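Since the structure comes first, as C-alpha cells, the remarks are kept for the end.
Note that ligands are numbered from 1 as they come in the structure, with each ligand's atoms numbered from 1 the same way. Because the structure is a prediction, the values reported are computed rather than measured.
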Amino acid sequence: MSILVLGGAGYIGSHTVYELIDQNHDVVIVDNLQTGFESLIHPKAKFYKGDLRDSVFLNGVFEKENIEGVIHFAANSLVGVSMKEPLDYYHNNVYGMMVLLETMKNHNVKYIVFSSTAATYGEPKEVPILEDFDTIPTNPYGETKLAMEKMMKWCEEAYDMHYIALRYFNACGAHPNGLIGELHNPETHLIPLVLQVPLKQRDAISVFGTDYPTKDGTCIRDYIHVCDLADAHIKAIHHLMDGHASNIINLGNGEGYSVLEIIKAAEEVTQQPIKTIYCDRRAGDPAKLVACNKKAQEILGWNPKYTNIHEIIQTAWNFYNNK
Ligand code: UFG
C-alpha cells in the first residue's frame with residue numbers, strides 16, 4: 001500500500017516525502033511542477049507528472065497504484081497573488097480538491113491529510129490562536145483553503161471519508177541533509193529573502209511596515225521548521241488509519257518573532273551584516289499570528305523539535321550554501 005503525496009515536489013511536500021521514505025512507506029507523488037522542482041523529488045518515490053484537476057490523469061494514477069491514504073499539498077499559496085488573481089486560486093485550490101475527493105470516492109480511499117493555513121483565521125482578535133477561533137479570511141488564499149476544509153467535512157458526512165486539516169503558521173528551514181529546502185520562484189518569504197543578502201543575491205531586505213502595534217513595530221509570526229511540519233503530517237495520516245476521528249489542528253511553535261528579530265538572528269547565524277530598508281506595510285498582512293499548539297500535542301502526540309530560531313535559520317543557511 002502507498003501514500004499518495006500531491007505536491008510532493010514542493011517545499012513542504014518534498015520534506016514529508018523524505019520523512020515517509022525514511023519510515024519505510026511506499027510513496028507516490030503527483031505534481032504538475034508549476035511551483036514544484038524536479039530536484040526536490042525523492043529518488044525512491046514514484047513520480048507522476050500531471051495536474052490533479054485532470055480527472056482522467058488522476059483516476060489513472062489511482063487505478064495503477066494501491067493507495068491507502070492521501071496527503072494533499074498541491075495548491076497555490078501566495079496571499080498577494082491571490083488578491084490579484086482570485087479565480088486562479090478558486091480553480092486550482094477548490095476545483096482541484098473537488099476532483100481529488102471525487103477520485104478518492106470512486107476508488108474507496110478514505111483518508112486525507114490536508115495542508116491548510118493560519119490564513120483561514122484572518123486577523124485574530126487575540127493570540128495565541130486556538131482552533132475554535134472565528135475563521136474570517138482576509139484574502140482569497142485563506143478563503144479557498146477554508147472552502148477546501150469544508151468540502152472534506154461534507155465528504156465525511158456523505159461518504160465516510162476521514163480528514164485532518166493542518167493549519168500551519170510560517171513554514172521555514174530546510175532538511176538537515178542539506179539536499180532539499182525552501183525553493184520558490186519568485187521567492188516572497190521572509191527567511192529565504194533575508195538570507196539572499198549574505199548570499200550576495202540581493203543588496204538589502206525590505207521590512208514591510210514599522211508601525212504595527214507590536215514591540216518593535218514590525219509584524220510578528222510563528223516560524224515552524226519544515227521537518228516538524230513533515231513529522232506532523234505523518235503522525236496525522238497514521239492517526240486516521242488507526243481509526244481516530246477527523247480534526248483541524250494548528251501547527252506552530254507557539255512563539256512569535258518580529259521581522260527585525262528574524263533579521264538579527266540571521267545576522268548572527270551568517271556572521272554578516274544584513275542591510276535593511278524600511279518600507280510601507282504590505283497589503284493584507286495581519287500584525288501578529290502565533291499558534292496555540294496544544295491540540296497537536298494532545299491529539300497527535302506532536303512536539304516540534306526545532307524550537308530555536310537560530311537553529312532553524314542555520315538549516316536554511318546550510319541548504320543555500322550547499323546548492
Ligand atoms: N516580510 C518583509 N519583507 C519581505 C518579506 C516578508 O518584511 O521581503 C514580512 C511580511 O510582511 C510578514 C513576515 O515578513 O510580516 C512574513 O512574511 P512571509 O511572506 O514570509 O509569510 P506570510 O506570513 O505572509 O505568509 C505565510 C505563508 C502563507 C500562510 C501564512 C500563514 O506564505 O501561505 O504564512 O501565517 F498563509
Side-chain angles (χ1 to χ4, degrees), residues 7 10-13 35 73-83 89 92-93 114-124 127-129 133 135 137-146 148-149 165-173 182-184 186-197 201-226 229 250-266 274-293 309 312-313 316:
Y11 173 40
I12 306 167
T35 53
F73 297 98
N76 291 130
S77 63
L78 298 176
V79 170
V81 181
S82 80
M83 298 287 284
Y89 274 63
N92 197 24
N93 295 1
F114 170 56
S115 159
S116 192
T117 170
T120 52
Y121 295 109
E123 184 85 53
V127 296
I129 300 170
F133 276 24
T135 45
T138 52
N139 52 65
Y141 165 61
E143 200 73 72
T144 58
K145 289 262 170 155
L146 189 59
M148 294 159 88
E149 287 186 358
L166 296 172
R167 289 182 177 163
Y168 10 110
F169 286 64
N170 287 59
C172 56
E182 184 163 12
L183 293 179
H184 296 110
E187 188 52 78
T188 61
H189 294 96
L190 181 65
I191 291 177
L193 288 176
V194 167
L195 293 178
Q196 283 178 4
V197 181
Q201 294 165 1
R202 72 172 49 236
D203 290 338
I205 181 73
S206 300
V207 173
F208 296 146
T210 52
D211 59 349
Y212 283 97
T214 59
K215 54 189 166 187
D216 62 17
T218 66
C219 286
I220 290 182
R221 294 289 181 272
D222 182 334
Y223 293 89
I224 179 75
H225 195 274
V226 64
L229 292 179
N250 284 342
L251 295 179
N253 261 313
E255 200 173 338
Y257 291 93
S258 72
V259 173
L260 293 182
E261 284 173 332
I262 293 294
I263 296 170
K264 183 163 178 287
I274 293 174
K275 192 173 161 199
T276 302
I277 299 171
Y278 298 99
C279 306
D280 290 342
R281 292 182 179 196
R282 187 173 70 177
D285 277 344
K288 199 169 177 183
L289 294 173
V290 180
C292 170
N293 63 13
I309 195 67
I312 291 175
I313 294 172

Is there a polar contact between ligand 1 and [X], counting only N or O atoms under 3.5 Å apart?
X      : value
Asp285 : yes
Thr117 : no
Phe208 : yes

message = Suppose I only count heavy atoms of Val207 and a 4.0 Å limit; which atoms of ligand 1 are within that range?
response = 7 (O)
query = Looking at Ala118, which atoms of ligand 1 are within less than 4.0 Å of one of its heavy atoms?
reply = 31 (C), 35 (O)
key: Test side-chain contact (heavy atoms from CB on, under 4.5 Å) applied to Tyr223 and Ile191, step by step   = CA-CA 10 Å; Tyr223 293 89; Ile191 291 177; 3.8 Å; yes
Closest by any non-hydrogen atom to [atom]: pick that one out of [options].
atom                    : options                        : value
atom 3 (N) of ligand 1  : Pro192, Ser115, Ser206         : Ser206
atom 21 (O) of ligand 1 : Leu260, Asn170, Ile262         : Asn170
atom 16 (C) of ligand 1 : Tyr223, Tyr121, Phe169, Tyr141 : Tyr223
atom 17 (O) of ligand 1 : His189, Lys288, Arg282         : Arg282

Is [X] touching ligand 1 with its side chain, its backbone, both, or neither, if touching means heavy atoms under 4.0 Å apart?
X      : value
Arg221 : side chain
Thr188 : backbone
Leu190 : both
Tyr257 : neither

request  = Starting at CG of Asp216, measure out to CG of Leu260 and round the result to the nearest 0.5 Å.
outcome  = 4.5 Å
Within the 3.5 Å criterion, strictly below it, is a donor on [X] or [Y] matched to an acceptor on the partner's side chain?
X      : Y      : result
Arg167 : Thr120 : yes
Ser116 : Tyr168 : no
Tyr121 : Asn250 : yes

Side-chain (Glu187) to main-chain (His189) donor-acceptor, under 3.5 angstrom = yes
query = So, the side chain of Arg281 versus the backbone of Asp211: is there a donor-acceptor pair under 3.5 Å, distance only?
reply = yes
task = Have a look at Ser82 and tell me which of Asn139, Asn76, Asn93 forms a side-chain contact (heavy atoms from CB on, under 4.5 Å) with it.
result = Asn139
query = With sequence neighbours excluded, what pairs up with Asn293 under the side-chain contact (heavy atoms from CB on, under 4.5 Å) test?
reply = Gln297, Trp302, Pro304
